[in-house]
Amino acid sequence: MTFKAAAIQMCSGVDPARNAETMARLVRDAAAQGAAYVQTPEMTGALQRDRAAMKAALRDESSDLIVAAASGLAGELGIHLHVGSTAIGLGDGKMANRGFLFGPDGRKITHYDKIHMFDVDLDNGESWRESSAYTPGGTARLVNLPFGKLGCAICYDVRFPELFRAQAAAGAQIMSVPAAFTRQTGEAHWEILLRARAIENGMFVIAAAQAGVHEDGRETYGHSMIIDPWGVVLASAGGTGEGVVLADIDIAAVAAARGKIPNLKNGRAFSLEEVPASTSGDVAA
């Protein structure tokens with residue numbers, strides 16, 4: 001099974017309506033170029049540091065602007081449209097960083113709530129506490145699509161290889177990693193992490209990213225990319241500006257990579273023993 005996949009790069013602002021218009025324009029562009037699966041970045045709906053303003057604009061899934069727009073686009077264009085994520089109200093002031101997958105009939109296939117919260121303290125005083133705003137998910141999602149099995153992750157999840165390994169062991173052939181990586185962490189780790197997850201699991205990785213300086217003042221790394229199971233970058237974008245990157249995905253490449261290096265089959269259970277430092281002065285042979 002071969003199909004064309006697209007990763008949409010955006011620079012989302014604080015207004016969901018404007019972001020929905022940008023999403024629609026770029027998704028239409030991708031579909032016009034033959035993409036059957038289109039992925040948008042994390043926080044497609046809005047990047048907004050002002051938590052009060054964000055909560056004031058928050059909607060539940062049934063009334064969210066981005067959800068409605070994506071459902072309509074998927075049905076109109078006859079594609080699988082994956083909204084990397086957007087903020088969704090859960091009630092009582094709580095919200096989820098939630099991704100959505102819509103089928104060619106416009107119906108929602110599934111959603112995925114980001115599991116790992118980006119709670120970090122970086123150089124130059126940059127600090128983030130995603131857990132102060134979002135309720136983490138607790139369930140991974142593996143979706144059976146006509147062209148292959150798709151696993152779901154969002155941004156910071158990429159630093160937790162056990163999530164990817166669990167889905168690969170369950171049959172995932174493609175992993176989605178929509179993101180809004182900071183410029184600082186992206187320059188250091190973005191491509192390395194994505195290629196590592198692809199290589200160690202013998203799977204395709206599709207990563208749509210936010211890029212550039214946003215209205216709320218943050219800066220994201222961009223470089224949306226699609227990577228094959230051997231770790232080869234098939235397509236990538238630059239570090240600023242919106243756009244579409246496309247690649248042909250041949251699912252047979254997954255079996256080929258796993259056949260050459262069958263580490264999913266070769267893994268073994270093991271115990272861990274911590275050895276204390278010698279107190280006798282003797283040196284072990």
Side-chain angles (χ1 to χ4, degrees), residues 3-48 54 57-90 95-114 134 137 141-147 150-155 157 174-180 206-211 214 220 224 226 237 242-246:
F3 68 99
K4 191 178 293 292
I8 301 295
Q9 185 156 291
M10 296 176 64
C11 185
S12 293
V14 299
D15 182 357
R18 288 204 311 269
N19 296 329
E21 291 174 359
T22 300
M23 175 186 73
R25 174 169 48 81
L26 293 171
V27 169
R28 290 181 194 282
D29 183 8
Q33 296 184 64
Y37 167 87
V38 181
Q39 180 191 122
T40 73
E42 180 182 27
M43 285 295 132
T44 290
L47 279 173
Q48 171 64 275
M54 182 173 232
L58 203 61
R59 299 290 182 268
D60 65 16
E61 184 177 317
S62 65
S63 58
D64 183 77
L65 177 63
I66 295 295
V67 170
S71 173
L73 281 167
E76 173 195 340
L77 300 171
I79 61 172
H80 284 86
L81 178 53
H82 187 168
V83 175
S85 84
T86 196
I88 293 294
L90 301 176
M95 55 184 173
N97 186 342
R98 178 170 293 177
F100 293 89
L101 181 63
F102 298 94
D105 58 1
R107 295 183 181 182
K108 184 182 107 172
I109 296 173
T110 192
H111 72 262
Y112 166 70
D113 289 352
K114 186 177 181 179
Y134 296 95
R141 291 279 193 271
L142 178 61
V143 191
N144 288 289
L145 297 178
F147 42 74
L150 175 78
C152 298
I154 297 174
C155 200
D157 283 336
I174 311 158
M175 281 296 295
S176 60
V177 192
I206 303 173
Q210 295 281 356
H214 300 260
T220 53
S224 300
I226 301 173
E242 62 191 36
V244 178
V245 296
L246 299 106

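Note that this is a predicted model, so its numbers are computed, not measured.
- Atoms CZ and CG, on Arg18 and Leu65 in that order, are 12.5 Å from each other to the nearest 0.5 Å.
- Summarising the geometry of Leu58 relative to Met95, their closest heavy-atom pair is CD2-CB, 3.7 Å, with the distance given to 0.1 Å.
- Of all heavy-atom pairs between Ala30 and Ala6, the closest is CB-CB, 3.7 Å.
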Quiz item: Thr22 and Glu242: side-chain hydrogen bond (donor to acceptor under 3.5 Å, both in side chains), yes or no, with the steps?
Solution: CA-CA 9 Å; Thr22 300; Glu242 62 191 36; 4.7 Å; no
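- Aromatic ring pairs are classed by plane angle as parallel below 30°, tilted from 30° to 60° and perpendicular above 60°; the pair Phe100 and His111 is tilted.
- Inspection of the Thr220 and Gln210 side chains reveals no N or O donor paired with an N or O acceptor under 3.5 Å.
- In this structure, Leu101 and Leu150 have side chains that are in contact, with non-hydrogen atoms separated by less than 4.5 Å.
- Applying the side-chain contact (heavy atoms from CB on, under 4.5 Å) test to Ser62 and every residue at least two apart in sequence or in another chain returns Asp60.
- Smallest separation of non-hydrogen atoms from Met54 and Ala87: CE-CB, 4.0 Å.
- Taking every heavy atom of both residues into account, Met10 and Asn19 meet most closely at CE-O, 3.6 Å.
- Although no hydrogens or angles enter the test, the distance criterion places a donor-acceptor pair under 3.5 Å between the side chain of His214 and the main chain of Ser12.
- Among residues at least two apart or in separate chains, there is no side chain to side chain donor-acceptor pair (under 3.5 Å) pair with a member in residues 65-74.
- To the nearest 0.5 Å, atoms OG (Ser224) and CD1 (Ile8) are separated by 8.5 Å.
- Residues satisfying the side chain to side chain donor-acceptor pair (under 3.5 Å) criterion with Thr86, sequence neighbours excluded, are absent altogether.
- Residues Ile206 and Met175 have side chains not in contact (no heavy-atom distance under 4.5 Å, counting atoms from C-beta outward).
- Residue pairs meeting the salt bridge (charged side-chain N to carboxylate O under 4.0 Å, His left out) criterion with at least one partner in residues 70-86, sequence neighbours excluded, are Arg28-Glu76.
- A 4.5 Å side-chain heavy-atom check between Ile88 and Val67 finds at least one atom pair inside the cut-off.
- Met43 has its side chain within reach of Ser85: a pair of non-hydrogen atoms, C-beta onward, lies under 4.5 Å apart.
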Quiz prompt | ring-ring contact (aromatic ring centres under 6.0 Å, His included) evaluation trace for Phe102 with His82 | solution = CA-CA 6 Å; Phe102 298 94; His82 187 168; 9.4 Å; no
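- In this structure, Leu246 CG and Gln33 CD are separated by 5.0 Å, a value rounded to the nearest 0.5 Å.
- Put simply, NZ on Lys114 and SG on Cys152 are 14.0 Å apart, with the number rounded to the nearest 0.5 Å.
- Here the side chains of Ile79 and Pro104 are not in contact, with every heavy-atom distance at 4.5 Å or above.
- If you check the side chains of Asp157 and Tyr112, you find a donor sitting under 3.5 Å from an acceptor.
- Side-chain contact between Leu47 and Glu42: absent, with no pair of heavy atoms (C-beta onward) separated by less than 4.5 Å.
- Residue Ala46 comes nearest to Pro16 through the heavy atom pair CB-CG, 4.4 Å, listed as atom of the first residue, atom of the second, then distance.
- Atom CD1 of Ile154 is separated from atom CG of Asn97 by 5.0 Å, given to the nearest 0.5 angstrom.
- A 4.5 Å side-chain heavy-atom check between Tyr37 and Lys4 finds every atom pair outside the cut-off.
- Taking every heavy atom of both residues into account, Ala31 and Leu77 meet most closely at CB-CD1, 3.9 Å.
- The side-chain heavy atoms of Leu73 and Met23, taken from C-beta on, include a pair separated by under 4.5 Å.
- With sequence neighbours excluded, the residues satisfying side-chain contact (heavy atoms from CB on, under 4.5 Å) with Ala179 are Cys155, Phe181, Trp190.
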Quiz item: Would Val83 and Gln39 count as a side chain to side chain contact (heavy atoms under 4.5 Å, CB included) if you check the C-alpha gap in whole Å, the side-chain angles of each, and the deciding distance to 0.1 Å?
Solution: CA-CA 6 Å; Val83 175; Gln39 180 191 122; over 6 Å; no
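- Taking the ring-ring contact (aromatic ring centres under 6.0 Å, His included) definition, one finds that Tyr134 meets it with nothing, sequence neighbours left out.
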